[in-house]
Each structure stands twice: as structure tokens, then as C-alpha cells.
J.: 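Before I ask anything, here is the structure I am working with.
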Amino acid sequence: MDDEPVKHFWNQLIPAAYAAESNVSFQEAFSHVKKRYSMISPDDVRWYLPEYSLRELNLSISFSKIIEELRPKVTFSPDLEPMIAKLASKRVLIVSSNLPSKLLEMILDGFKDCFAKVFSSVSKYSLPHKTAEFYAKVCSETGFSPREVLHVGDNRMYDLLIRGS
């Protein structure tokens, strides 16, 4: 999966909900929501918590409802499921992410039996990013030493440089 569903969540679904509830145009809602997002630093864990944004924007729509609207946008390559299942039959697979747990659960729904554990730095440890501390906690909770872990990621800073420090 690429990051398009996550971008769609923050840049389309949240502003659309705000537009509907505030009776303003999508563009006005988008501008307002982006302004609210910018009031919090990406180094603040609240920046990653949809529940916080919903509360700050005074939206009555539930996070669960928005996640269901997002579900059709989450797609995977057809060869991914058999590959993950094959890997899971030979190795212990875990997911470590800074996506909130509820969002991760929805994304991994079809694969949940393949992963022994799913870790959200945001939801589980209140860490806005995957830090060296986060990776140490993941290793501690799984019982694996860092030398036993093969890590695959998509972010140079938080999946390679931080993890390697």
C-alpha cells in the first residue's frame, strides 16, 4: 500500500466532514482544516491522532465512520497476500508504524492473521515518530534482539537512520 489512503484521510475525508457539518464549501473547509493542522508540530503526538483533530474541529462524525469511508481506498497488489502468508509461515512478522492503531487495524484487516504483533508508536507509546526508544520497546516486547530483526520501511529518517542509531 502506498501513502495515498492516509493522505486521502487527512486531506479529503476530514475536510469533507468539516464542510458537511459547517455548511461551507470543501475549499473553505480544506483551508480551515489545514490551518488547524499547522497549529500543531509534527513532533507533537496529537498531530497524528485523528480523534484529536475531530475534537478540535468540533466534528460529530466518529473516527470509525471516517475509517469505513476510507476502506475502499486501501488496496494492495494482488501478489502481496500470498507473499505475506508465505513469509508468515516461515518467520515471525510484526508491523511497526506511527499510524494510529485503529487505522492500522483497518489497513491490515485482511492480513491480521499473518502478523504476530502490530505496534503503533502513536497509540501504544505516545511517540510521534518511530524512535530508537520505540524500536527498543518493540524488541523488548517481542523478545527479539535488534540483530534478529530484518526491518523493511519506506521512510529514510524513521526507518533507517533512527533505527540504526
Side-chain angles (χ1 to χ4, degrees), residues 1-14 33-34 36-56 62-64 66-165:
M1 180 192 91
D2 59 25
D3 64 352
E4 284 307 310
V6 174
K7 287 179 181 177
H8 184 76
F9 178 84
W10 291 108
N11 296 330
Q12 298 295 316
L13 296 179
I14 298 284
V33 168
K34 286 300 243 183
R36 293 303 294 249
Y37 290 164
S38 71
M39 295 172 80
I40 299 179
S41 165
D43 292 327
D44 184 326
V45 73
R46 296 175 299 171
W47 197 83
Y48 299 89
L49 299 173
E51 295 93 338
Y52 174 79
S53 292
L54 294 176
R55 203 170 43 251
E56 285 297 301
S62 71
F63 181 39
S64 298
I66 293 177
I67 283 179
E68 287 311 310
E69 290 180 33
L70 180 64
R71 190 177 296 277
K73 294 284 185 189
V74 177
T75 59
F76 296 96
S77 170
D79 59 345
L80 183 65
E81 189 173 352
M83 182 184 71
I84 294 287
K86 185 175 181 177
L87 280 170
S89 72
K90 298 176 185 219
R91 300 282 187 243
V92 175
L93 301 182
I94 65 167
V95 173
S96 61
S97 177
N98 76 326
L99 288 176
S101 291
K102 288 181 184 176
L103 197 50
L104 272 173
E105 288 169 14
M106 185 274 294
I107 290 168
L108 298 172
D109 189 39
F111 301 96
K112 60 184 163 196
D113 294 337
C114 295
F115 296 102
K117 290 233 178 209
V118 176
F119 294 92
S120 165
S121 65
V122 172
S123 299
K124 187 163 177 78
Y125 303 115
S126 296
L127 296 168
H129 305 291
K130 294 177 285 181
T131 62
E133 173 190 5
F134 171 71
Y135 288 114
K137 288 179 182 218
V138 168
C139 284
S140 175
E141 285 195 38
T142 58
F144 292 108
S145 76
R147 294 191 188 283
E148 296 175 295
V149 175
L150 171 63
H151 178 84
V152 178
D154 64 354
N155 184 290
R156 180 171 165 70
M157 172 62 80
Y158 298 110
D159 290 319
L160 178 64
L161 300 177
I162 295 288
R163 189 196 62 75
S165 60

J.: Test ring-ring contact (aromatic ring centres under 6.0 Å, His included) on Phe9 and Phe63 and set out the steps.
T.: CA-CA 10 Å; Phe9 178 84; Phe63 181 39; 5.8 Å; yes
J.: Shortest non-hydrogen contact from Cys114 to Ile84?
T.: CB-CG2, 3.6 Å
J.: Go through Ile40 and Tyr52 one step at a time and tell me if the side-chain contact (heavy atoms from CB on, under 4.5 Å) criterion holds.
T.: CA-CA 11 Å; Ile40 299 179; Tyr52 174 79; 2.8 Å; yes
J.: Does anything in residues 112-123 form a salt bridge (Lys or Arg N to Asp or Glu O under 4.0 Å)? List the pairs, not counting sequence neighbours.
T.: Asp109-Lys112
J.: Which value, rounded to the nearest 0.5 Å, describes the distance between Leu13 atom CG and Glu68 atom CD?
T.: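 Result: 11.5 Å between the selected atoms.
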J.: Leu54 and Ser62: which non-hydrogen atoms are nearest, and at how many Å?
T.: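 Minimum heavy-atom contact is CD1-C, 4.1 Å.
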J.: Rounded to the nearest 0.5 Å, what's the gap from CZ on Arg91 to CD on Glu148? Could you check?
T.: 11.0 Å
J.: Lys124: which residues meet the side-chain contact (heavy atoms from CB on, under 4.5 Å) condition with it, sequence neighbours left out?
T.: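 Checked Lys124 against side-chain contact (heavy atoms from CB on, under 4.5 Å); matches are Phe119, Glu141.
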J.: Can you check whether Lys7 reaches Asn11 side chain to side chain, under 4.5 Å on heavy atoms?
T.: yes
J.: Going by an N to O cut-off under 4.0 Å, is there a salt bridge joining Arg55 and Glu51?
T.: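 No, Arg55 and Glu51 are not salt-bridged.
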J.: Just wondering, do Ser41 and Trp47 contact through their side chains at under 4.5 Å, heavy atoms?
T.: no
J.: Do Tyr135 and Val149 make a side-chain contact, defined as non-hydrogen atoms from C-beta onward lying under 4.5 Å apart?
T.: no
J.: Just how far is it from atom CZ of Phe115 to atom CG of Leu104, taken to the nearest 0.5 Å?
T.: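 Interatomic distance, Phe115 CZ to Leu104 CG, rounded to 0.5 Å: 10.0 Å.
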J.: What distance separates Ser120 OG from Tyr48 OH, expressed to the nearest 0.5 Å?
T.: 11.5 Å
J.: Measuring from atom CD1 of Ile66 to atom CE of Met106, what distance do you get when rounded to the nearest 0.5 angstrom?
T.: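 So the gap between those two atoms works out to 11.5 Å.
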J.: Tell me the closest heavy-atom pair linking Ser97 and Leu99, and the distance in Å.
T.: OG-N, 2.9 Å
J.: Would you give the length of the straight line joining atom CD1 of Ile107 to atom NZ of Lys102, rounded to the nearest 0.5 angstrom?
T.: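 If we round to the nearest 0.5 Å, Ile107:CD1 and Lys102:NZ are 14.5 Å apart.
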J.: Test side-chain contact (heavy atoms from CB on, under 4.5 Å) on Leu87 and Leu93; report intermediate values, then the result.
T.: CA-CA 8 Å; Leu87 280 170; Leu93 301 182; 4.0 Å; yes
J.: Within the distance-only criterion (no hydrogens, no angle test), does the side chain of His129 pair as donor or acceptor with the backbone N or O of Pro42 below 3.5 angstrom?
T.: yes
J.: Which heavy atom of Ser123 sits nearest to which heavy atom of Pro100, and what is that distance?
T.: OG-CA, 3.4 Å
J.: Are any non-hydrogen side-chain atoms of Phe111 and Val95 less than 4.5 angstrom apart?
T.: no
J.: side-chain contact (heavy atoms from CB on, under 4.5 Å), that's the test. Do Phe134 and Asn98 meet it? Break it down for me.
T.: CA-CA 10 Å; Phe134 171 71; Asn98 76 326; over 6 Å; no
J.: What closest approach, in Å, do Pro5 and Leu70 show between heavy atoms, and which atom pair accounts for it?
T.: O-CD1, 3.1 Å
J.: Return the minimal non-hydrogen interatomic distance between Pro128 and Asp44, and the atom names on each side.
T.: CB-C, 4.1 Å
